[in-house]
Enquirer: 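If you scroll down you'll find the structure; I have some questions about it.
We count residues from 1, following the sequence as given. Only a predicted model underlies this, so the values are computations on that prediction, with no experimental measurement involved. Values below: all heavy atoms of this structure, side chains included; hydrogens, waters and symmetry mates excluded.
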Amino acid sequence: MRLSQFWTAVADEFGPAHGRTLVHDLVLSELGDLTAEQALAKGLDIRGTWLALCRATDVPEVRRHGVGNRDPKPGH
């Protein structure tokens with residue numbers, strides 16, 4: 001997953017404004033108590049960060065692959 005795909009998936013799932021707020025403010029225990037924004041800034045895996053955000057917000061699994069990516073791709 002590329003960073004641009006991350007942001008597209010965030011906007012698609014949560015809406016642009018609410019999505020940015022979640023990425024900036026929601027602390028994800030799964031990522032060592034970092035926000036998604038902090039995790040990305042530290043270079044953590046983009047897809048892993050997206051999936052952690054999805055799990056923390058109870059996004060159904062069918063929608064966790066992002067816009068246009070309904071099938072999981074290992075390592076992406």
Enquirer: Show which side-chain atoms of residues 32-41 pair as donor or acceptor with protein atoms under 3.5 Å away, not counting sequence neighbours.
Expert:
unit_1, atom_1, unit_2, atom_2, d
Thr35, OG1, Glu37, N, 3.4
Thr35, OG1, Gln38, N, 3.0
Thr35, OG1, Gln38, OE1, 3.4
Glu37, OE1, His24, ND1, 2.7
Glu37, OE2, His24, ND1, 3.4
Gln38, OE1, Thr35, N, 2.8

Enquirer: Do Val23 and Leu26 share a hydrophobic cluster, counting only Ile, Leu, Val, Met, Phe, Trp and Tyr and linking them when any side-chain heavy atoms are less than 4.5 Å apart?
Expert: yes
Enquirer: CD1 of Ile46 to CD of Gln5: how many Å apart, nearest 0.5 Å?
Expert: 8.5 Å
Enquirer: Just verifying a value: how many Å separate Leu31 CG and Leu51 CG, rounded to the nearest 0.5 Å?
Expert: 10.0 Å
Enquirer: The criterion is side-chain contact (heavy atoms from CB on, under 4.5 Å); which residues satisfy it with His18, sequence neighbours excluded?
Expert: Phe14, Leu22
Enquirer: Once side chain to side chain donor-acceptor pair (under 3.5 Å) is applied, do any residues pair with Arg55, and if so which ones, sequence neighbours excluded?
Expert: Glu30
Enquirer: In Å, rounded to the nearest 0.5 Å, how long is the span from CG of Leu53 to CZ of Arg64?
Expert: 10.0 Å
Enquirer: Does NZ or CZ of Arg20 lie under 6.0 Å from the centre of the six-membered ring of Trp7, at an angle within 45° of the ring axis?
Expert: yes
